[in-house]
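Step one of this worksheet: look at the structure below.
Throughout, protein chains are lettered first and strands after them, A, B, ... in sequence-line order, and every chain is numbered starting at 1.
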Amino acid sequence: MITLNHYLALSALLFCIGLFGALAKRNAIAILMGIELMLNAVNINLVAFNFFLDPSRVVGQVFAIFVVVVAAAEVAVALALVINIYRRFQDSSVTDLNWMKW
Amino acid sequence: MLSTNALAFWVLAAITIAAALAVVLSKNIVHSALFLILAFVGTAGIYILLHAEFLAAVQVMVYAGAVAVLIVFAVMLTRRGDIRASNLYNSSYLGAGIVALGLFIATSLMLGRMNWTAGGGSMAANNVEAIADAILGRFVIPFEVAAILLLVAIVGAIIVARGVKEDR
């Protein structure tokens, strides 16, 4: 029997893998991939809570749709930034992008 | 003996987790991008198991379609040097691993002692209708704000990616 906790554990594992990717990578695009994995984990959480705890309303699914919208907007703007930075510095590695550091 | 539902859950979970691990651990960023698509599709399967068929379709179209294509394009536009070593770790990968592992252990321990109370009721067989009612009824203001956000993001992405002319 698959319970809510199974889905939550899957989501937690996916979130932590994404967190590791976002923190440990050098390439800005790889960091974005980690963030996308984390957002996916959050969506699994929302849908699982919706299905197991309050199935008569679809609020969790609606919230997950909004998360998808925000994630799509975020990835579009972030990749535009990465392309612009690459055009100027010929590099997409975040370890060298420290000119805003005080 | 596993039921069909449980079997589908374990297979989809294994695919999703393996693809996510491959995204993070691969040294070639093109492989990472392709495994990311697999992780998105696995997540769509999980949504179908949770009777969120509309969300699964959205996931396949927006994530496995649009976002994946965007990421692949960005990889192709920014690559330089050896593609086989294009996705390396930075200097703080050890700390990142400890943080991620610690967060997972803490979350799992919390999960073990949680006691969820179900709200009751049952899910409608056709919940696309309910989603449409919710989005265009109760959540119409957030829906419009999301539309404006998308418009602003599109315009901003075009302007940022195009760059400014230096000679003006």
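- Residue B/F9 touches chain A through its side chain alone, counting heavy-atom pairs closer than 4.5 Å.
- Side-chain N or O atoms of A/R26 include none that pairs as donor or acceptor with a backbone N or O of B/S91 at under 3.5 Å.
- Residue A/L79 holds its CG atom at 6.0 Å from CG of B/L70, rounded to the nearest 0.5 Å.
- Residue B/S108 does not touch chain A at all, counting heavy-atom pairs closer than 4.5 Å.
- The closest side-chain heavy-atom distance from B/Y89 to A/K25 is below 4.5 Å.
- Listed here is the closest heavy atom pair of B/L50 and A/F51: O-CD1, 3.3 Å.
- Using a 4.5 Å cut-off between side-chain heavy atoms of Ile, Leu, Val, Met, Phe, Trp and Tyr, with links allowed through other members, B/I131 and B/V128 fall into the same hydrophobic cluster.
- When the candidates B/A39, B/A100, B/S32 are compared by the number of heavy-atom contacts under 4.5 Å with chain A, B/A100 comes out ahead.
- Contacts between B/T16 and chain A at a heavy-atom distance below 4.5 Å involve backbone atoms as well as side-chain atoms.
- B/L21 has its side chain out of reach of A/F20: every pair of non-hydrogen atoms, C-beta onward, lies at least 4.5 Å apart.
- Options A/L19, A/V47, A/L81 differ in how many heavy-atom pairs under 4.5 Å they form with chain B, and the most are formed by A/V47.
- Of the atoms belonging to B/A6, heavy atoms from both backbone and side chain fall under 4.5 Å from chain A.
- Using a 4.5 Å heavy-atom cutoff, the side chains of A/F66 and B/F139 are in contact.
- Taking hydrophobic clusters as Ile, Leu, Val, Met, Phe, Trp and Tyr residues chained together by side-chain heavy-atom distances below 4.5 Å, B/M110 shares a cluster with A/L14.
- For B/V75, the parts sitting under 4.5 Å from any heavy atom of chain A are the backbone and the side chain alike.
- Rounding to the nearest 0.5 Å gives a distance of 8.0 Å between CD1 of A/I2 and CG of B/N5.
- Put simply, the residue from A/V82, A/V77, A/I85, A/N84 that forms a side-chain contact (heavy atoms from CB on, under 4.5 Å) with B/V160 is A/N84.
- Interface remark: of the candidates B/A146, B/A130, B/A52, B/A52 forms the most heavy-atom pairs closer than 4.5 Å to chain A.
- Cluster membership check: B/M114 does not share its hydrophobic cluster with B/L109, using side-chain heavy-atom separations under 4.5 Å among Ile, Leu, Val, Met, Phe, Trp and Tyr.
- Heavy atoms of B/A33 lying under 4.5 Å from chain A belong to its backbone as well as its side chain.
- At a threshold of 4.5 Å between non-hydrogen side-chain atoms, the residues B/L77 and A/Y86 do not count as touching.
- Within the 4.5 Å cutoff, side-chain heavy atoms of B/L103 are placed close to those of A/F15.
- Heavy-atom pairs under 4.5 Å with chain B peak, among A/N27, A/I17, A/L8, A/I83, at A/I17.
- At most 12 heavy atoms of other shown residues, nucleotides or ligands fall within 6.0 angstrom of atom NE2 in B/H31.
- The two residues B/L111 and A/A9 make their nearest non-hydrogen contact at CD1-N, 3.6 Å.
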Inset, instruction - Please test A/V62 against B/F143 for side chain to side chain contact (heavy atoms under 4.5 Å, CB included), starting from the C-alpha separation and ending with a verdict. - result: CA-CA 10 Å; A/V62 171; B/F143 174 73; over 6 Å; no
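- Between the side chains of B/Q59 and A/N43, not a single donor N or O lies within less than 3.5 Å of an accepting N or O.
- No more than 12 heavy-atom neighbours from other residues, nucleotides or ligands sit within 6.0 angstrom of CZ on B/F35.
- Between A/L37 and B/A20, the shortest heavy-atom contact is CD1-CB, 4.0 Å.
- To the nearest 0.5 Å, the span separating CG on A/L13 from OG1 on B/T107 amounts to 10.0 Å.
- Transitive grouping of hydrophobic side chains (ILVMFWY, heavy atoms separated by less than 4.5 Å) keeps B/I154 and A/V75 in distinct clusters.
- To the nearest 0.5 Å, atoms OH (B/Y63) and CG (A/L39) are separated by 5.0 Å.
- When heavy atoms are compared at a cutoff of 4.5 Å, B/F54 approaches chain A solely by way of its side chain, counted from C-beta outward.
- Heavy-atom distances place both the backbone and the side chain of A/V69 under 4.5 Å from chain B.
- Within the 4.5 angstrom heavy-atom criterion, only side-chain atoms of B/L36, from C-beta onward, approach chain A.
- Closest heavy-atom contact between B/V67 and A/A72: CG2-CA, 4.4 Å.
- Under the 4.5 Å side-chain heavy-atom criterion for ILVMFWY residues, a single connected hydrophobic cluster contains both A/I35 and B/I17.
- Within the 4.5 Å cutoff, side-chain heavy atoms of B/I29 are placed close to those of A/M33.
- Note that CG of B/L55 and CD of A/Q61 are 6.0 Å apart. Values are rounded to the nearest 0.5 Å.
- The distance from the CG atom of B/N127 to the CZ atom of A/R57 is 14.5 Å, given to the nearest 0.5 Å.
- Counting heavy atoms from C-beta on, the side chains of A/I44 and B/Y47 come closer than 4.5 Å.
- Counting only heavy atoms from C-beta outward, the side chains of B/L49 and A/Y7 approach each other to under 4.5 Å.
- Contact count against chain B (heavy-atom pairs under 4.5 Å) is highest for A/V58 among A/V58, A/D54, A/N50.
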